[in-house]
Amino acid sequence: MAIYLTRESKVLVQGMTGAEGMKHTRRMLAAGTDVVGGVNPRKAGRSVDFDGRAVPVFGSVGEGIEHTGADVTVVFVPPAFARAAVVEAADAGIGLAVVITEGIPVHDAVALTSHARARGTRVIGPNCPGLITPGQSNAGIVPPDIAKPGRIGLVSKSGTLTYQLMHELRDVGFSTCVGIGGDPVVGTSHIDCLTAFQDDPDTELIVLIGEIGGDAEERAAAHIREHVTKPVVGYIAGFTAPEGKTMGHAGAIVSGSSGTARAKKEALEAAGVRVGSTPTETARHVLEALDVLGGAAPDDAARDGARDGARA
């Protein structure tokens, strides 16, 4: 019940010894993630104690892979060093690089995603919350205690909305939740995740969260129309955003009718996607779609709560 990340994933943390790296490594370990090491050339050979678990620090990603068999790295380094960190990880043969770092220059994002793709490394992000397979592993900063394992696959540009939909649908549960990031250049797209969820036998329904700016959601709609047979429920953030203003993410900017929430909603609905006007209404659409699919469903109290929230 997962895409990209499972309980077998072995995770390195680039930037583990920094403040953010320390905090979120501790949270990942508490969630059951198999964090096998950190990377910091200046502190190589040491170890860091996380509540009784000693995690070694390696001088390079290659060294970490050699000693631990790591196949995932989570990147917490400052923006100026993010490109080099991902290039190093890709050159070392890491399979998945989860880039949490915010504020990476666009030309660096283009370079690191292109380099990683050429080396066969999947990049999640940058400027993303990472991904979580509830009950198995958590790579990034997603709160691990707001959802259980279940039948829904979630892909989202927005970290905050990822958390909200996870909470709204906590009684149903998720296969994997992927926060792809909202910058103009990201390594993994809605389409990539839609394809993976379509191929995952334990994902029965997909939730797609988008926002204003660019044409990623329109392209996702075309892909859904041609290639996705599972139900898809969507939500688009930014219906009240003023034209020409960057809203939230660096990629969330509209010009004229291009990239507007309305245009994205219409494209998704034309592809058969039910699009909610609020996160809570989106959750209600999910519950209704799962009722149609049949099988295990949340209890009546959870369903009524979502419906009451939508009416409010």
Side-chain angles (χ1 to χ4, degrees), residues 1-78 81-101 112 115-117 119-126 128-145 149 174-179 181 187-188 196:
M1 293 177 63
I3 67 170
Y4 305 148
L5 187 73
T6 70
R7 61 172 50 89
E8 284 77 35
S9 299
K10 297 182 182 298
V11 178
L12 292 174
V13 181
Q14 289 173 268
M16 185 183 76
T17 57
E20 290 300 306
M22 291 279 286
K23 177 174 70 176
H24 291 293
T25 297
R26 179 171 280 105
R27 295 178 69 196
M28 285 188 280
L29 285 165
T33 306
D34 189 10
V35 178
V36 295
V39 179
N40 184 332
R42 293 174 298 176
K43 298 184 179 181
R46 305 181 190 180
S47 64
V48 179
D49 181 80
F50 291 97
D51 303 318
R53 176 168 175 174
V55 178
V57 180
F58 299 102
S60 68
V61 175
E63 182 186 352
I65 293 173
E66 179 183 356
H67 283 83
T68 68
D71 52 5
V72 178
T73 182
V74 183
V75 180
F76 283 104
V77 305
F81 307 110
R83 175 177 174 177
V86 176
V87 166
E88 176 192 338
D91 286 347
I94 205 79
L96 178 67
V98 183
V99 187
I100 307 301
T101 306
L112 71 86
H115 186 89
R117 191 174 299 114
R119 296 298 190 274
T121 296
R122 174 171 297 283
V123 171
I124 306 290
C128 76
L131 69 163
I132 182 171
T133 296
Q136 296 192 45
S137 190
N138 182 10
I141 63 174
V142 179
D145 55 352
F174 294 84
S175 54
T176 302
C177 302
V178 186
T188 295

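What's counted below: heavy atoms across the whole structure, side chains too, no hydrogens, waters or symmetry copies. Only a predicted model underlies this, so the values are computations on that prediction, with no experimental measurement involved.
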Open item on the list: As a quick check of understanding, evaluate side chain to side chain contact (heavy atoms under 4.5 Å, CB included) for V55 and L29, giving each step before the final call.
Closed with: CA-CA 10 Å; V55 178; L29 285 165; 4.2 Å; yes
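Shown are V36, V35, V72; of these, the side chain to side chain contact (heavy atoms under 4.5 Å, CB included) with K10 is made only by V36. Checking L131, T33, V178 one by one against L5, the side chain to side chain contact (heavy atoms under 4.5 Å, CB included) holds for a single residue, L131.
Residues satisfying the salt bridge (Lys or Arg N to Asp or Glu O under 4.0 Å) criterion with R122, sequence neighbours excluded, are D192. For R53, the salt bridge (Lys or Arg N to Asp or Glu O under 4.0 Å) criterion is met by D34, not counting sequence neighbours. With sequence neighbours left out, the salt bridge (Lys or Arg N to Asp or Glu O under 4.0 Å) criterion links E20 to K23. In this structure, the side-chain contact (heavy atoms from CB on, under 4.5 Å) partners of P56, at least two apart in sequence or on a different chain, are F58. For P134, the side-chain contact (heavy atoms from CB on, under 4.5 Å) test picks out I132, P149, F174, with sequence neighbours left out. Residues forming a side chain to side chain donor-acceptor pair (under 3.5 Å) with T68 (at least two apart in sequence, or on another chain): none. Here R7 pairs with nothing under the salt bridge (Lys or Arg N to Asp or Glu O under 4.0 Å) rule; sequence neighbours left out. In this structure, the side-chain contact (heavy atoms from CB on, under 4.5 Å) partners of P78, at least two apart in sequence or on a different chain, are F81.
Side-chain contact between V74 and H24 is absent, with no heavy atoms from C-beta onward closer than 4.5 Å. Taking the side chain as every heavy atom from C-beta outward, P126 and T101 never approach each other to under 4.5 Å. Contact of the E8 side chain with the S137 side chain is not registered, since no non-hydrogen atoms from C-beta on lie closer than 4.5 Å.
Of all heavy-atom pairs spanning G140 and I100, the tightest one is CA-CD1, 3.8 Å. Across all non-hydrogen atoms, the minimal contact from N138 to P144 is ND2-CB, 3.9 Å. Counting all heavy atoms, side chain and backbone alike, R117 lies closest to G187 at NH2-O, 4.1 Å.
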Indicate every side-chain donor-acceptor pair of residues 41-50 with a distance under 3.5 Å to a residue at least two apart or in another chain.
| unit_1 | atom_1 | unit_2 | atom_2 | d |
| --- | --- | --- | --- | --- |
| D49 | OD1 | G52 | N | 3.4 |
| D49 | OD2 | G52 | N | 3.3 |

Please table the atom pairs, donor to acceptor, closer than 3.5 Å between any side-chain atom in residues 87-97 and protein atoms at least two apart or in another chain.
| unit_1 | atom_1 | unit_2 | atom_2 | d |
| --- | --- | --- | --- | --- |
| E88 | OE2 | V61 | N | 2.7 |
| D91 | OD1 | H115 | NE2 | 2.7 |
| D91 | OD1 | R119 | NE | 3.1 |

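For residues 55-72, no residue pair satisfies the salt bridge (charged side-chain N to carboxylate O under 4.0 Å, His left out) rule, not counting sequence neighbours.
Of the possible donor and acceptor atoms, none in the side chain of T25 sits under 3.5 Å from a partner among the backbone N and O of M22.
With values rounded to the nearest 0.5 angstrom, C128 atom SG is found 7.5 Å from I141 atom CD1.
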